[in-house]
Undergrad: 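Sharing a structure with you now.
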Amino acid sequence: MAEASLTVSSKNYSSWSLRGFLLCRMAGLAFDERVAPIDDPATRAELLLLSPSFLVPCLEHGPVKVWDTLAIAEYLNEIRPEAHLLPADPAARAHCRAVCGEMHSGFANLRSALPMNLKAHHPGFKVWAGAQADIDRVTAIWRDCLQRYGGPYLFGKIPTMADAMYAPVCSRFATYDVKLDPACAGYRDLMLKFPPMLEWTIAARTEPEEVEELDVEF
């Protein structure tokens with residue numbers, strides 16, 4: 001029996017569920033996966049960005065129950081310090097927390113204009129100005145981190161919680177054919193080939209459920 005359980009919602013649409021999954025895989029935590037039904041009102045509110053507080057992903061580990069993605073990341077860093085979800089250097093660690101927090105609380109235009117949809121592909125997608133500003137900020141973060149810490153991941157040679165936080169953006173950039181400079185395109189491709197990301201993506205593409213509001217033709 002696994003030592004923990006992780007409740008997620010749709011693998012095709014839920015970026016927060018993906019982040020929680022990646023964090024658990026990166027931490028090496030053995031867990032059973034539970035899937036919240038897509039017809040549950042709270043789940044649909046999360047997927048359609050209509051809820052101010054999301055209850056998935058939710059990690060249950062013994063008596064501990066954690067349902068916020070950043071809280072899950074911090075908890076996993078505490079119980080699995082050998083996974084190095086945060087960098088060892090204090091300055092890099094503070095920087096990592098800052099860019100994770102920015103992803104956690106910002107980029108609303110990007111989220112609404114480019115919803116996560118791993119089954120879809122929209123070549124030549126027209127990005128509106130508000131979302132482009134968010135894209136520019138994300139890519140500025142990536143370039144700064146890759147240059148400062150030497151890559152291939154945002155904070156160096158091993159993936160951290162920052163990579164888990166920005167992985168769904170990599171999928172969005174691929175889905176909506178967002179044009180990137182070589183450094184950012186290389187990072188996007190690296191994360192799309194990251195084994196836990198591939199594991200999630202394969203499962204998402206076989207997921208039978210669909211949310212019609214998120215499957216509109218662009």
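Just so it is clear, the structure is predicted and the values come from calculations on it, not from any experiment.
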Undergrad: What residue pairs, at least two apart or across chains, pass salt bridge (Lys or Arg N to Asp or Glu O under 4.0 Å) with a residue in residues 147-169?
TA: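 Sorted pair list: D144-R148.
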Undergrad: Taking the side chain from D177 and the backbone from P123, do they hold a donor-acceptor pair closer than 3.5 Å?
TA: no
Undergrad: Could you go step by step and tell me if E74 and R97 meet the side chain to side chain contact (heavy atoms under 4.5 Å, CB included) rule?
TA: CA-CA 10 Å; E74 292 285 356; R97 283 191 167 107; 2.8 Å; yes
Undergrad: Kindly determine whether F173 and W142 satisfy ring-ring contact (aromatic ring centres under 6.0 Å, His included), including the steps that lead there.
TA: CA-CA 13 Å; F173 286 174; W142 288 4; 5.5 Å; yes
Undergrad: Return the minimal non-hydrogen interatomic distance between V35 and S9, and the atom names on each side.
TA: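 Shortest heavy-atom separation between V35 and S9 comes out as CG1-O, 4.2 Å.
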Undergrad: Establish whether V64 and V8 are linked, either directly or via other cluster members, by ILVMFWY side-chain heavy-atom contacts under 4.5 Å.
TA: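 In one cluster with V64: V8, yes.
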Undergrad: Do the side-chain N and O atoms of Y176 and H121 include a donor-acceptor pair separated by under 3.5 angstrom?
TA: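 Side chains of Y176 and H121: no pair found under 3.5 Å.
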Undergrad: Do any N or O atoms from the side chain of W200 and from the backbone of K11 form a donor-acceptor pair under 3.5 angstrom?
TA: yes
Undergrad: Using a 4.5 Å cut-off on heavy atoms from C-beta on, say whether the side chain of T7 contacts that of P57.
TA: no
Undergrad: Decide whether E33 and S5 meet the rule of one side-chain donor and one side-chain acceptor closer than 3.5 Å.
TA: no
Undergrad: Given side chains that start at C-beta, do those of P115 and Y13 come closer than 4.5 Å, heavy atoms only?
TA: no
Undergrad: Under 3.5 Å, is there a donor-acceptor pair linking the side chains of H104 and D68?
TA: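 A pair is found: one side chain offers a donor N or O, the other an acceptor, under 3.5 Å apart.
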Undergrad: Kindly determine whether E3 and L29 satisfy side chain to side chain contact (heavy atoms under 4.5 Å, CB included), including the steps that lead there.
TA: CA-CA 8 Å; E3 60 182 308; L29 184 70; 3.5 Å; yes
Undergrad: Do M26 and M161 have side chains that approach each other closer than 4.5 Å (heavy atoms only, starting at C-beta)?
TA: no
Undergrad: May I ask you to check whether W16 and F21 place their ring centers less than 6.0 Å from one another?
TA: no
Undergrad: Closest approach of A73 and L23, non-hydrogen atoms and distance?
TA: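 So the minimum-distance heavy-atom pair works out to CB-CD1, 3.7 Å.
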Undergrad: Just by modelled atom types, is the P87 backbone N or O under 3.5 Å from a matching donor or acceptor in the R93 side chain?
TA: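 At least one qualifying donor-acceptor pair exists.
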Undergrad: For side chain to side chain contact (heavy atoms under 4.5 Å, CB included), just list the numbers for T160 and H84, CA-CA rounded to whole Å, side-chain angles, deciding distance to a tenth of an Å, and then say yes or no.
TA: CA-CA 7 Å; T160 65; H84 305 291; 6.0 Å; no
Undergrad: Test of understanding: with side chain to side chain donor-acceptor pair (under 3.5 Å), list the residues that count as partners of K126, not counting sequence neighbours.
TA: none
Undergrad: Taking side chain as C-beta onward, heavy atoms only, is F125 less than 4.5 Å from T175?
TA: no
Undergrad: Mind checking whether H95 and Y149 have parallel, tilted or perpendicular rings, split at 30° and 60°?
TA: tilted
Undergrad: Could you tell me whether the side chain of M103 reaches within less than 4.5 Å of the side chain of R19, counting heavy atoms only?
TA: yes
Undergrad: Once you round to the nearest 0.5 Å, how far does CG of N109 lie from CG of D134?
TA: 5.0 Å
Undergrad: Within a 6.0 Å radius of atom CZ on R34, are there more than 12 heavy atoms belonging to other residues, nucleotides or ligands?
TA: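 No.
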Undergrad: Is the shortest side-chain heavy-atom distance between I72 and W67 below 4.5 Å?
TA: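 SC-SC contact between I72 and W67 ruled out.
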Undergrad: With rounding to the nearest 0.5 angstrom, report the CG to CD1 distance, L85 to I79.
TA: 9.5 Å
Undergrad: Minimum heavy-atom separation for A185 to L180, with atom names?
TA: N-CB, 3.9 Å
Undergrad: State, to 0.1 Å, how close P168 and L18 come at their nearest heavy-atom pair, and which atoms those are.
TA: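 In this case the closest contact between P168 and L18 is CG-CD2, 3.7 Å.
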Undergrad: Got a second to check how far C184's SG is from I135's CD1, nearest 0.5 Å?
TA: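 C184 SG to I135 CD1: 11.0 Å, rounded to 0.5 Å.
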Undergrad: Within a reach of under 6.0 Å around CD of E82, are more than 12 heavy atoms found that belong to other residues, nucleotides or ligands?
TA: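 Above 12, so yes.
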Undergrad: Between L76 and C24, is any pair of side-chain heavy atoms under 4.5 Å apart?
TA: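 Contact flag for L76/C24 side chains = yes.
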Undergrad: Quick check: does any side chain N or O of S17 sit under 3.5 Å from a backbone N or O of S14, one acting as donor and the other as acceptor?
TA: no
Undergrad: Go through M197 and M191 one step at a time and tell me if the side chain to side chain contact (heavy atoms under 4.5 Å, CB included) criterion holds.
TA: CA-CA 7 Å; M197 184 74 174; M191 288 309 300; 5.7 Å; no
Undergrad: Less than 4.5 Å apart, side chain to side chain, heavy atoms only: is that true for S171 and L192?
TA: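 Touching, per the 4.5 Å side-chain cut-off.
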Undergrad: Examine distances only and state if a side-chain atom of Y166 and a backbone atom of V99 form a donor-acceptor pair shorter than 3.5 Å.
TA: yes
Undergrad: What closest approach, in Å, do Y187 and C170 show between heavy atoms, and which atom pair accounts for it?
TA: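 The answer is CE2-SG, 4.0 Å.
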Undergrad: Could you state the interatomic distance from CZ (R111) to OG (S15), rounded to the nearest 0.5 Å?
TA: 6.0 Å
Undergrad: Give a yes or no on whether the backbone of N12 and the side-chain of E207 come within a donor-acceptor separation of less than 3.5 Å.
TA: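 Checking the backbone N and O of N12 against the side chain of E207, a donor-acceptor pair under 3.5 Å is found.
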Undergrad: Please check if the side chain of T139 supplies one atom and the backbone of D136 the other of a donor-acceptor pair under 3.5 Å.
TA: yes
Undergrad: For F155 and A92, work out which heavy atoms get closest and say how close.
TA: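 For F155 and A92, the tightest heavy-atom pair comes out as CE2-O, 3.5 Å.
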Undergrad: Just checking F31 against H61, ring centres under 6.0 Å apart?
TA: no
Undergrad: Main chain of L114, side chain of R172: is a donor-acceptor contact present, judged purely on distance under 3.5 Å?
TA: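 A pair under 3.5 Å: yes.
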